[in-house]
Amino acid sequence: MKYRLLGRSGLKVSTITMGTMTFGGQGKFASVGNTGVEEARRLIDLCIDAGVNLIDTADVYSDGRSEEIIGEVLGGKRPKDVLIATKARFPMGDGPNNAGLSRYHLIREAEASLKRLRTDVIDLYQVHQWDGLTPLEETLEALDTLVRQGKVRYLGCSNYSAWHLMKALGVSEREHRQRFVSQQIHYTLEAREAEYELLPISIDQGLGVLVWSPLAGGLLSGKHRRDAKAPEGTRQLAGWTEPPVRDEERLWRIVDVLVSIAEARGVSGAQVALAWLLERPAVTSLVIGGRTEAQFKDNLAAADLTLTVEERGRLDEASAPPVLYPYWHQLRTASDRLGPADMPLLAPHLSK
């Protein structure tokens, strides 16, 4: 396992993060997985033994049950080098103040997460999505308070747009608050929109990048094939549609190349897709999830897979976005702020 600094912080995290959205199997997340305590214990031990040092969850996963399971497995005896990340933003009850990024909700939910996780500190506390109702000053002051109280060590955001992120960083600087050290984003061979703004911002502002659902909900695992029914037990067969696929033909073109490379290398398509992501500029760690030991073992092996220049080129070509969507800015001026090593990220777009 390799480790990378999380943004400008001094915190080193494994290039593979353990995702736990499948823990619990309650509410909206029932179709994703229903991993219980004993199976979670085996999976967590497997990941820790492989060198994973970051476990990612959220209060909303199975209505808090995911955090509770992690707490039951690790509570009171968490290995000192194992880090826990969680998130807050979405509804955790029916009351008018049971959602959002207000001071009231954030501090209450952080304290609730600490109890469920059976720990006295959250290593990375992430706001799960933008809240357009609460002033940023209030949100960032509440997060700063949690850090200064010793309940949280580092701050991050998840699913922010570029302008959300830059506004938050600007307010943090102006108000002398703790700033985000990372952002958690969706980024895959199938969905490369993050390359337009979010990854260049990460490079420019020194943010770590955690990638959620790096296999596009399993679509890039190599198990899904063109003109074939979705395999039994997959999220798609269960009706899970996040993230959406907007160009199905492009998806299968990517899968064809993935499978071709994987078969030639004697590895899974999932490992190839993950290895491609780990070599992208600004990417720190991939949040992998699963319901079985076999899935985790396969995904963990991607940390040691290095693709050739020719293989990366084939994947780049097959996955290249056909156009820049009109709501994304062109990056012709970005090269003024980025170095030569970052140009492969921009080249496909600068030439348009």
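Only heavy atoms go into these numbers, but all of them, side chains included; no hydrogens, no water, no symmetry mates. Position 1 is the first residue of the sequence, and the numbers go up from there.
Within the 4.5 Å cutoff, no side-chain heavy atoms of Leu74 are placed close to those of Leu117. Residues Asn299 and Gln271 fail the side-chain proximity criterion, which asks for heavy atoms closer than 4.5 Å. Using a 4.5 Å heavy-atom threshold, the side chains of His128 and Asn159 count as touching. Leu251 places a side-chain heavy atom less than 4.5 Å from the side chain of Leu220. Side chains of Leu5 and Leu11 form no contact here, defined as non-hydrogen atoms less than 4.5 Å apart. In this structure, Leu114 and Lys151 have side chains that are in contact, with non-hydrogen atoms separated by less than 4.5 Å. Proximity of Val147 to Leu143: side-chain heavy atoms (C-beta onward) are nowhere separated by under 4.5 Å. A 4.5 Å side-chain heavy-atom check between Ser319 and Arg250 finds at least one atom pair inside the cut-off.
Atom CG of Leu6 and atom CG of Leu210 lie 6.0 Å apart (nearest 0.5 Å). Rounded to the nearest 0.5 angstrom, Ile48 CD1 and Leu54 CG are separated by 11.0 Å. Rounding to the nearest 0.5 Å gives a distance of 9.0 Å between CG of Leu124 and NZ of Lys87. Put simply, CD on Glu193 and OG on Ser161 are 13.5 Å apart, with the number rounded to the nearest 0.5 Å. A distance of 10.0 Å separates CG of Leu277 from CG of Leu315, quoted to the nearest 0.5 Å. Note that OG of Ser102 is 8.5 Å distant from CZ of Arg108, once rounded to the nearest 0.5 Å.
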Stepwise, does the side-chain contact (heavy atoms from CB on, under 4.5 Å) test hold for Leu207 with Ser182? CA-CA 5 Å; Leu207 293 169; Ser182 63; 5.7 Å; no
Step by step, would you call Lys297 with Leu46 a side-chain contact (heavy atoms from CB on, under 4.5 Å)? CA-CA 8 Å; Lys297 286 179 179 178; Leu46 171 68; 3.8 Å; yes
Salt bridge (Lys or Arg N to Asp or Glu O under 4.0 Å) evaluation trace for Lys12 with Asp81: CA-CA 10 Å; Lys12 293 181 180 179; Asp81 292 329; over 6 Å; no
With side-chain contact (heavy atoms from CB on, under 4.5 Å) as the test, would you mind laying out the steps for Gln183 and Ser202 before giving the verdict? CA-CA 8 Å; Gln183 59 169 328; Ser202 295; 2.7 Å; yes
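Here Arg116 pairs with Glu67 under the side chain to side chain donor-acceptor pair (under 3.5 Å) rule; sequence neighbours left out. Residues passing the ring-ring contact (aromatic ring centres under 6.0 Å, His included) test with Tyr61 are Phe29, sequence neighbours excluded. Taking the side chain to side chain donor-acceptor pair (under 3.5 Å) definition, one finds that Ser9 meets it with nothing, sequence neighbours left out. Under the side chain to side chain donor-acceptor pair (under 3.5 Å) criterion, Glu138 pairs with no residue at all, not counting sequence neighbours.
Both Phe296 and Met1 are part of a single hydrophobic cluster, where members link through side-chain heavy atoms under 4.5 Å apart. Tracing side-chain contacts under 4.5 Å through hydrophobic residues (I, L, V, M, F, W, Y), one never reaches Leu83 starting from Val152; they form parts of separate clusters. Hydrophobic clustering (ILVMFWY, side-chain heavy atoms < 4.5 Å, transitive): Val32 and Val60 are in one cluster. Follow the hydrophobic side-chain contacts under 4.5 Å out from Val181 and you never reach Leu199; the two are in separate clusters.
Thr17 and Asp56 are not linked by any side-chain donor-acceptor pair at a separation below 3.5 angstrom, with hydrogens and angles left out of the test. A donor and an acceptor atom, one from each side chain of Thr86 and Thr57, are nowhere located under 3.5 Å apart. Side-chain polar atoms of Ser285 and Thr15 form no donor-acceptor pair below 3.5 angstrom. If you check the side chains of Tyr160 and Gln129, you find no donor sitting under 3.5 Å from an acceptor. Side-chain N/O atoms of Thr139 and Arg103 include no donor and acceptor closer than 3.5 Å. No hydrogens or angles considered: nothing links the side chains of Arg153 and Tyr125 as a donor-acceptor pair under 3.5 Å. Thr145 and Glu141 share a side-chain donor-acceptor pair at under 3.5 Å.
Contact between Ile185 and Ala194 at its shortest, heavy atoms only, is CD1-CB, 3.7 Å. Contact between Ile288 and Pro214 at its shortest, heavy atoms only, is CG2-CG, 4.4 Å. Of all heavy-atom pairs between Leu258 and Gly269, the closest is CD2-O, 3.7 Å. When all heavy atoms of Leu140 and Ala168 are compared, the pair lying nearest together is CD1-O, 3.5 Å. Across every non-hydrogen atom of Glu197 and Ala162, the tightest pair is OE1-CB, 3.0 Å. Across all their heavy atoms, Arg314 and Ser260 have their closest contact at NH2-OG, 3.0 Å.
The main-chain N or O of Ile122 is never found under 3.5 Å from a side-chain atom of Tyr154 such that the two would form a donor-acceptor pair. Side chain of Arg89 to backbone of Leu101: no donor-acceptor contact under 3.5 angstrom is found. Between the Ser113 side chain and the Ala110 main chain, no donor and acceptor come within less than 3.5 Å of each other. At least one donor-acceptor pair under 3.5 Å links the side chain of Asn53 to the backbone N or O of Ser14. A distance-only check finds no donor-acceptor pair linking the side chain of Thr35 to the backbone of Glu39 [under 3.5 Å]. Looking at Thr188, its side chain does come within 3.5 Å of a backbone N or O of Glu190 through a donor-acceptor pair. A side-chain donor-acceptor contact under 3.5 Å links Arg4 to the backbone of Val283. Put simply, the side chain of Ser62 gets close to the backbone of Phe23: a donor and an acceptor are under 3.5 Å apart. Not a single donor-acceptor pair under 3.5 Å links the side chain of Arg265 to the backbone N or O of Val272. In this structure, the side chain of Gln295 engages the main chain of Thr292 through a donor-acceptor pair within 3.5 Å.
Residue pairs meeting the salt bridge (charged side-chain N to carboxylate O under 4.0 Å, His left out) criterion with at least one partner in residues 171-186, sequence neighbours excluded, are Glu137-Arg174, Asp144-Arg177.
Between Arg41 and Glu38 a salt bridge is recorded (basic side-chain N to carboxylate O distance below 4.0 Å). We find that Glu68 and Arg65 are joined by a salt bridge, their nearest charged nitrogen and carboxylate oxygen being less than 4.0 Å apart.
Screening Val211, Val209, Leu215 for a side chain to side chain contact (heavy atoms under 4.5 Å, CB included) with Leu286, the sole residue that qualifies is Val211.
Taking the six-membered ring where tryptophan is involved, the planes of His164 and Trp130 are essentially parallel, since the angle between them stays under 30° and well short of 60°.
Counting heavy atoms of neighbouring residues, nucleotides and ligands inside a 6.0 Å radius, atom CG of Asp49 exceeds 12 of them. In the displayed structure, Glu317 atom CD is contacted under 6.0 Å by at most 12 heavy atoms of other residues, nucleotides or ligands.
Under the 4.5 angstrom side-chain criterion for Ile, Leu, Val, Met, Phe, Trp and Tyr, Leu133 has no cluster partners at all.
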